[in-house]
Structures are given as C-alpha cells and as structure tokens.
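Take a look at the structure below.
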Amino acid sequence: MSLLDYSAYEIAEKIQRGELSAVEVLEAALARIAAVDGRPGTLDYGELTPEDQSKVHAFITLTADRARQQAESVDMRRKAGEKLGPLAGVPITIKDIFCLKGVRSTAASRILSNFEAPYTATPVERLEAAGAVTLGKVNLDEFTYGSSSESSAYQPSTRNPWDPSRVPGGSSGGSAAAVAAGEGWLSLGTDTGGSIRQPAAFCGVVGLKPTYGRVSRYGLIAFGSSLDCPGPVARDVRDAALMLSVIAGSDPRDSTAANLPVPDYLASLDRGVKGLRIGLSPDFMRIAFPDPETGEIVTENLANEICDVTLRAADLLAAEGAEIVEHVPLPNIAFGIPVYFVISRVEASSNLHRFDGVKYGYRTDEDYSDLHEMYRKTRAEGFGPEPKLRILMGMYVSAAQYSEHYYQRALKVRSMIRADFNAAFDPQGPYRLDALLAPTTPTPAFKMGDIYGDSVLMQYADQFTVPANHAGVPAISLPGGLSSEALPIGLQIIAPDFAEPTLFRAGYAFEQATANEAWRQAKPRVLVEAGL
Ligand code: GLN
C-alpha cells in the first residue's frame, strides 16, 4: 500500500504519531503530481499535444518551495513536542479563486493574471493554521463561471482523471480532479450553483456545499455573494467532516458568516441513520427544461442508471434503519436554473465592476485617451467570453425598466424554492424530513467540447445542485456507483440549515454499507495507465 492510499485523517494521525514525516508525505504528493498532472495552465499555451490530452492539468500555480517550508516546520514542531493541528502535514490544494498572500491569485482570468494577493482568505488561513501544507492553486472556470472548467483562460484546462477526453466538471474542476488523482488529499472549493458537488460527482470524490454562512467568504473572489459557499472536496466523508471542522465558524471580517458554534463533525459520523427520516422527491428524478419555442417548462425522464444510484442508496439506508419518505413535492425546483440565470448574473455583473485596471490586476498595453477608454480596453482584453456574457445579461435583467419583470420576479421564485425545502423539513409538517436524497447531476462527465459554447445547456448540468444554493441549505455529493461506461455517478444528500452532521451521518452510513462493493475498487484511468 502506498502512503497515497491513506485518507487525510489517517495521514494526519500517522504524522502526529511520528510514523510518517510531513516531508515524506509531501514528496509523495509532488511525485504524483509530476507523474500525472502535465503542464500547468498558462495564458500562452499554444497547441495541445497528444501528451497534454492524457494528463490531468489540475494546477495553475504549484507552490512546491513554500510547501516544503510548511512541511519542514510541521516536522520540526513535532520533534520539539509541540501540539500539532488536526491537518498537520496533510497536502492540500486551493481553488484559484481564494486569495493566498504573496501567491498569484488569478480566478483563471487574464484580468487577474498579475494579481498577488495582499492577504489570505479566512478558510485558507484556517487550513494552514491547522497544519495543512498547500501544494498550490488549482484551475477552474474563469471566475467560477461554468460547469466544465473549459472556460479557464489558463489552458490546458483540467481533464477528468477517469477519462481525460472528458471534463472534470466545474467550476471546481481542478479541485475535484486533483483529489481524484491523488494530487493532494483535500481541496478547498466554492459552490455557487453546484461548483463543488458537480465536479465531485464527475470525478468520483466527496464534495460538500455547507450551509450559506457556515464558512467565511473573506478573501474569496466573489461570484454571487448571496449564493457563494466555500467548502471541502475530499476522498471520503470523514475527510470532508475533518476539513469542515477546520474551516467553519464565525469571522469578524465577514458579516454573513454565521455566529454559531461549530459542532464536532467527526463525532457525528458513526451515529448511524436509525430513525432518520430521509425523503425522495419525484421533482429530483426528472430534467426540467424550458421549451425554446414557448418558454414553458417541459420535463424529461432521467437516465435509469442515474436514478438507480439514488434509489439503491435509499434501500441501503432503509436497511440501516432510516425511514424513507417517498413522493415529497418540491415543485418549484423546476425553476431553479432560470432563477439562477437571473440572480447569479446580476450578482456577477455587480461583483465584476471592481476589475477596471486601476488599482490592481491587468491593464491594457494599448494607448488610451481617457479613463473610460482605459476601462473599455482593459475589460475587453482582460475578460474572457463567459464573464462578458454574464455582465451583459446581469446588467440587462437588473436595468430599471426590466428589473421588475426579471430580477424582482426571480427573487420571488427563489423564496418559493426555499419554501419547498422548509415544508419538506418542517418538524411539524407532513414530511418532517431530516434529509433528502437526490442525484447530483443529470449525466456523468461529458466529453470536452461537447457542450462548451452553449451556455444554456451548460447551465443545466447544475439542475439538481442549484436548488440547495437558492435555499441556502447544506448538501453533499458522494460517489454512488459507476455508469455503464465506468464513469462515476454522484449521490446527493440535502439537509436543513446547519444540519451538516446529518449529511455526514447519512453519507458515512452509505459509505460503510457499500465499502466492499466492486465499483469502490475501480481507479481513475489516468492512474491505472501510469501504473499507479
Ligand atoms: N455552473 C454554475 C455556473 O456556471 C455554477 C458555478 C458555481 O457554482 N460557481 O454558474
């Protein structure tokens, strides 16, 4: 067994006990990166070689020297008998949407290509204070806008370790691919409409979107401020619980970070599911799509292999003592994507105003005769197509003459989606659910190039993840099985506000119940082909 086969929890334990050194763990992670990652994303990438097409390309910036210093300091502190943090010596990666002091923080955009953050984001600071060793910054869709990681200005964009001709999902594609390929044990991602859970599902790893406000957004380059949630990407449920316990908690620098104590997430793991009421909803078992002609929402059945993962999980949890409640209505989640289209674009366009070439980031090299021309050229050159589209749409639907019709209306429908979840979870209501089970995505990972360019179709990859963002509730995606093409399929569990312990209980119970199944032994193709 290679030390790369241990979980983050086990690695931390072994380092604490002196059975492994942080430096040797780091060297193993760096060797894995050298073996499978290929060249990091750059702005001037030229032609893709056949070699490029077989590698993972999770990274934008590798911080190996900085990581060596961190690992050496963990080993020194251990030798000196100091108390180590819960992640001491565990190599991790950070989605390049978080600021890390002194390191370039690009948001995968040309407009921030020269931006060195003057401070460190709170969740990153907490990970490092807990002893985690940062391997570097990983790739994503430009400004997190996308579901495939293909829109990054830094190419080659990340590929799926299970099949490098496919996308890793997005926008935290670098995070999910890095964890799946063993390039670091944990990754910090963000989820605005599904950006942690969808890539976790595509890459066969665990991804958690915490309750809105559970984790501080300070130092996160903002997309949709009312939706953004930093959260863990990990190999298993226990590692996700361990990571959340480190990053969660109030923060005087983010007034939306909840002032609630952080429970002992690890303690919730083996409490089992006996007595939990777990719901299934027909509204999570079909794809809802606006007819391009009429605009009416039409529905289509989901592929059987996707539904089956969720239904089988319900059976397994029932066998463990959970009570399964069927036919829970969530009628308004069918409007999740249209509403997200409007709200997220309005918030994105507002948040992108600050990138103007004045105080930091890229500024045009062309001549300009006044400030407006400088702005115009900087933004035209600095933003890729996806941010430009989102600015245009966000400005349009929030303009005074259209706001009532689009933005204000979207906010109302968002409240109706929240009300659907409230009714399902209401302890006095007819369903009284502790959690809901649902697929994470309508399909397994798709081929690179297949959807990129169609921003409406791309958005529908988030169909089942976006409702939890609208409602603010926590949701986890776990590997649930493999498709007929041997691609990972995700299982999603959704719980009421701040009920992350329920997600861990149910997720862990599912993991235990399926621990010996054949699909759990399958490895990503990139690793198999490299003999790893
Ligand atoms: N894929 C979604 C989008 O394009 C979600 C992105 C995210 O969660 N950051 O907006």
Side-chain angles (χ1 to χ4, degrees), residues 94-98 107-109 138-152 157-158 167-176 187-203 207-210 212 215 217 220-233 336-352 383-394 397 410 414 440-443 445-446 451-477 490 492:
I94 307 287
K95 184 178 184 179
D96 202 10
I97 195 75
F98 289 96
S109 180
V138 286
N139 216 335
L140 61 148
D141 283 292
E142 185 172 357
F143 280 103
T144 84
Y145 304 161
S147 309
S148 69
S149 301
E150 290 162 289
S151 72
S152 174
S157 66
T158 306
V167 303
S171 61
S172 311
S175 294
S187 189
L188 181 67
T190 59
D191 193 311
T192 306
S195 278
I196 288 176
R197 290 161 288 156
Q198 185 257 17
F202 280 13
C203 293
L208 169 72
K209 179 203 100 67
Y212 180 80
V215 179
R217 292 182 292 114
L220 160 65
I221 297 165
F223 166 10
S225 307
S226 77
L227 299 155
D228 292 343
C229 295
V233 179
I337 294 294
V339 165
Y340 177 81
F341 235 95
V342 174
I343 294 176
S344 73
R345 268 63 174 180
V346 170
E347 296 188 13
S349 64
S350 163
N351 279 320
L352 290 176
F383 286 132
E386 195 56 40
K388 283 177 184 161
L389 259 176
R390 294 195 184 204
I391 292 169
L392 287 172
M393 182 165 170
V397 297
R414 182 178 182 183
T440 310
T441 58
T443 64
F446 39 87
I451 302 190
Y452 186 57
D454 184 334
S455 59
V456 176
L457 199 56
M458 185 67 86
Q459 192 74 82
Y460 274 84
D462 304 327
Q463 167 105 211
F464 299 139
T465 48
V466 89
N469 299 83
H470 285 312
V473 295
I476 195 168
S477 176
Q492 187 176 206

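What you see below is based on every heavy atom in this structure, not just the backbone, and it leaves out hydrogens, waters and symmetry mates. First listed ligand is number 1; within each ligand, the first listed atom is number 1. Just so it is clear, the model here is predicted, and its values are computed rather than measured.
Protein heavy atom closest to atom 5 (C) of ligand 1, with residue, atom name and distance, is Tyr340 OH, 3.2 Å.
Of the heavy atoms in Gln459, only side-chain atoms (C-beta onward) come closer than 4.0 Å to ligand 1.
At distances below 3.5 Å, at least one donor-acceptor pair connects side-chain atoms of Ser149 with backbone N or O atoms of Gly173.
Considering backbone and side-chain N/O atoms, Ser195 comes within less than 3.5 Å of an N/O atom of ligand 1. Checking only distances, Phe223 never comes within under 3.5 Å of ligand 1, N or O to N or O. Between Lys95 and ligand 1, no N or O atom pair is found at a separation short of 3.5 Å.
Distances shorter than 4.0 angstrom occur between a heavy atom of Arg390 and an atom of ligand 1.
Every atom of ligand 1 with a heavy atom of Asp462 under 4.0 Å away is listed here by number and element: 1 (N), 2 (C), 3 (C), 5 (C). Close approach of ligand 1 to Tyr145 is summarised as follows: ligand atoms under 4.0 Å from at least one heavy atom of the residue are 4 (O). Listed by number with element, the atoms of ligand 1 under 4.0 Å from a non-hydrogen atom of Thr144 are 6 (C), 7 (C), 9 (N). Of all atoms in ligand 1, numbered sequentially from 1 with element shown, those under 4.0 Å from a heavy atom of Gly193 are 5 (C), 7 (C), 8 (O).
Annotation: salt bridge (charged side-chain N to carboxylate O under 4.0 Å, His left out) contacts involving residues 187-203, sequence neighbours excluded, comprise Asp191-Arg197.
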